[in-house]
Amino acid sequence: MNTLQRLSFAASAVLFASPAFAQEAPGLDDKINQAFADFTGPFVSFIFAPFPGTGFPWIVGWLVIAATVFSLYFAFVQFRFFGHAVSLVKGDYSDPNDAGEVSHFQALATALSGTVGLGNIAGVAVAVGIGGPGATFWMIMAGLLGMASKFTECTLGVKYRNEYEDGTVSGGPMYYMSKGFSELGLPGGKILAVLFSIFCILGALGGGNMFQANQAHQQIAGITGDYPGWITGLVFAGIVFAVIVGGLKSIARVTEKVVPFMGVMYVVAALVIIIMHADQIGWAFGQIFAGAFTGLGVAGGMVGALIQGFRRAAFSNEAGVGSAAIAHSAVRTSEPITEGFVSLLEPFIDTVVICTMTALVIIITQQLIIDPQTGLYMLNEDGGGIATVDGNSGVSLTSAAFASAFGWFPYVLAVAVVLFAFSTMISWSYYGLKAWTYLFGEGHTKELVFKIIFCVFVVIGAAANLGPVIDFSDAAIFAMAVVNVFALYFLMKVVREELASYSARLKSGEIRKFEH
């Protein structure tokens with residue numbers, strides 16, 4: 001029995017073993033949480049092990065170095081082609097006769113729905129609550145550098161995708177690992193692809209599923225009053241299942257409507273609060289910059305702020321993880337590099353814009369308690385983070401920040417959280433499904449098995465405590481990045497050739513805009 005089968009069996013056993021399922025709901029939540037924490041503990045410990053003699057997780061360094069290498073290797077392509085990327089999303093260069101399932105905008109919306117989510121609401125609050133305002137600076141840096149990582153992986157995703165006679169496509173890291181390595185005469189591509197697929201399935205069940213359900217339940221329960229998490233999980237599972245049985249086109253139709261709506265709603269609310277406290281904007285940015293390089297006395301100091309900033313940014317925008325390459329592979333285009341350009345907008349929108357706004361709202365509304373005598377942030381009772389008003393953390397901290405300006409906003413935020421969670425789950429169900437079919441083959445029955453397993457984990461995520469869920473979510477997603485970034489180093493020269501060719505043809509006028 002492999003790891004996934006054991007995990008599925010354990011999940012089913014925990015969910016359905018109790019004959020008094022409904023009557024003993026609080027006890028059931030506790031049992032699910034303990035079983036989950038025990039099962040995933042060793043895996044989490046390995047992924048976040050620090051470099052010897054330091055408190056710096058090796059996986060954070062792995063992603064930071066990769067993003068920096070790709071930025072330098074492609075001469076900061078994220079800034080040089082930013083305007084062209086916007087034109088591509090608008091459809092200026094889209095040929096309707098190109099192979100693929102979805103438009104540039106739909107592919108971006110689908111991928112954004114997997115990244116713009118609770119990482120922006122709850123994840124930022126976790127980072128600022130532990131690493132202080134300075135974590136925001138490192139989140140922004142991670143977002144800007146991560147644009148190059150996203151560009152690299154999504155270009156490869158389209159270049160090495162499988163195109164089928166019925167018009168559907170399958171792509172992503174598992175395909176560019178196996179086909180790309182084979183094309184270059186390199187060994188080990190198939191092994192990397194299998195490893196990535198296993199971690200992608202775990203990432204889909206964790207960060208793309210359980211974390212979303214968990215935080216959505218926390219926000220809803222904060223408004224309606226406490227009730228068993230499995231109830232929220234069952235409702236979400238039913239809705240998610242109804243959508244994902246329709247395939248990617250169904251997912252794309254939903255996300256292209258939901259993502260812009262919830263994104264605009266959230267950003268507008270954040271902007272209103274920031275404008276209401278316009279006199280404190282300068283002070284807030286001062287706290288961000290000072291905290292980035294001094295730590296302002298927070299847990300872990302400057303290094304703590306840096307670790308939290310990069311860790312939460314990676315969880316939020318997934319640059320280097322390889323997940324978005326799966327969604328972008330389905331785009332209608334004959335030029336792989338164009339989807340690389342489109343994808344680099346993701347970390348910018350997700351991290352540089354939305355995450356920064358969330359952090360500013362939390363800082364400006366002074367949810368973090370400052371010692372009036374020293375001017376430094378006060379630590380909470382266990383010393384693991386900053387003391388907050390009413391002891392809030394995660395999505396509750398963000399909710400409290402918005403509520404300080406609008407007493408009714410937690411209700412609006414609850415809607416946003418549900419929409420964020422829903423769109424992220426349906427996108428990650430597609431990522432996990434493509435990894436599943438790579439391992440076990442295409443077919444209706446095989447796909448249905450994964451979709452059922454995915455929905456079971458929606459219930460588990462809503463019932464489990466945040467600690468084990470967020471640890472497992474990070475670990476599974478970062479494990480994908482270990483394999484993906486390793487492959488990207490070998491394949492990045494292929495992307496540079498594509499970039500040189502496209503740039504020359506764009507400059508000569510060979511690549512032209514289409515009338516729509």
Side-chain angles (χ1 to χ4, degrees), residues 64 67 71 76 78-79 82 116 119-147 263 266-317 347-372 374-379 385-389 392-393 397-406 409:
V64 173
S71 294
F76 293 97
Q78 62 264 54
F79 305 124
F82 190 91
V116 176
N120 306 80
I121 301 176
V124 172
V126 170
V128 175
I130 297 175
T136 309
F137 175 86
W138 298 112
M139 273 193 286
I140 294 171
M141 290 300 297
L144 293 174
L145 292 173
M147 293 166 73
Y266 186 76
V267 168
V268 167
L271 276 174
V272 170
I273 293 177
I274 291 169
I275 292 170
M276 287 172 61
H277 297 81
D279 58 322
Q280 296 184 53
I281 294 176
W283 170 81
F285 275 108
Q287 293 289 296
I288 289 171
F289 285 109
F293 299 103
T294 67
L296 285 176
V298 302
M302 171 187 166
V303 175
L306 185 149
I307 292 172
Q308 286 302 320
F310 274 112
R311 179 171 170 174
R312 299 265 47 93
F315 181 68
S316 181
N317 66 46
F348 182 82
I349 296 169
D350 177 278
T351 307
V352 178
V353 176
I354 300 180
C355 283
T356 302
M357 283 187 158
T358 301
L360 279 175
V361 170
I362 293 172
I363 297 166
I364 283 177
T365 57
Q366 298 184 16
Q367 295 298 306
L368 309 177
I369 299 176
I370 298 176
D371 186 335
T374 64
L376 301 177
Y377 288 97
M378 297 176 65
L379 299 183
I386 298 176
T388 61
V389 177
N392 292 308
S393 64
L397 178 58
T398 306
S399 181
F402 278 88
S404 67
F406 310 113
F409 196 80

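Everything quoted here is computed from the prediction, not taken from an experiment. Worth knowing before you read on, the calculation uses all heavy atoms, side chains too, and leaves out hydrogens, waters and symmetry mates. This chain uses plain numbering: 1 for the first residue, then up along the sequence.
Between Ile274 and Val361, the closest side-chain pair of non-hydrogen atoms falls below 4.5 Å. In this structure, the side chains of Thr358 and Val128 stay at 4.5 Å or more apart for every pair of heavy atoms. With contacts defined as side-chain heavy-atom distances shorter than 4.5 Å, the pair Phe285/Leu360 qualifies. The shortest side-chain heavy-atom distance between Leu368 and Pro133 falls under the 4.5 Å cut-off. Side-chain atoms of Met139 and Thr356, non-hydrogen and from C-beta on, never get closer than 4.5 Å to each other. Taking 4.5 Å as the limit, every side-chain heavy atom of Pro347 sits out of range of all side-chain heavy atoms of Leu144.
With rounding to the nearest 0.5 Å, the separation of CZ in Phe82 from CZ in Phe76 is 16.0 Å. Atoms CE and CD1, on Met357 and Ile364 in that order, are 10.5 Å from each other to the nearest 0.5 Å. Note that CZ of Phe402 and CD1 of Ile273 are 5.0 Å apart. Values are rounded to the nearest 0.5 Å. The OG1 atom of Thr398 sits 4.0 Å away from the CD1 atom of Ile362 when rounded to the nearest 0.5 Å. Going from atom CZ of Phe137 over to atom CD of Gln287 covers 15.0 Å, rounded to the nearest 0.5 Å. The structure places CD1 of Ile363 at 4.0 Å from CD1 of Ile288, a figure rounded to the nearest 0.5 Å.
Of all heavy-atom pairs between Ala67 and Ser71, the closest is O-OG, 2.9 Å. A pairwise comparison of heavy atoms in Ala135 and Ala127 identifies CB-O, 3.7 Å as the closest pair.
Proximity of a side-chain donor or acceptor of Thr351 to a complementary backbone N or O of Phe348 within less than 3.5 Å is not detected.
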Can you list the steps and then say if Ile349 with Ile354 is a side-chain contact (heavy atoms from CB on, under 4.5 Å)?
CA-CA 6 Å; Ile349 296 169; Ile354 300 180; 4.2 Å; yes
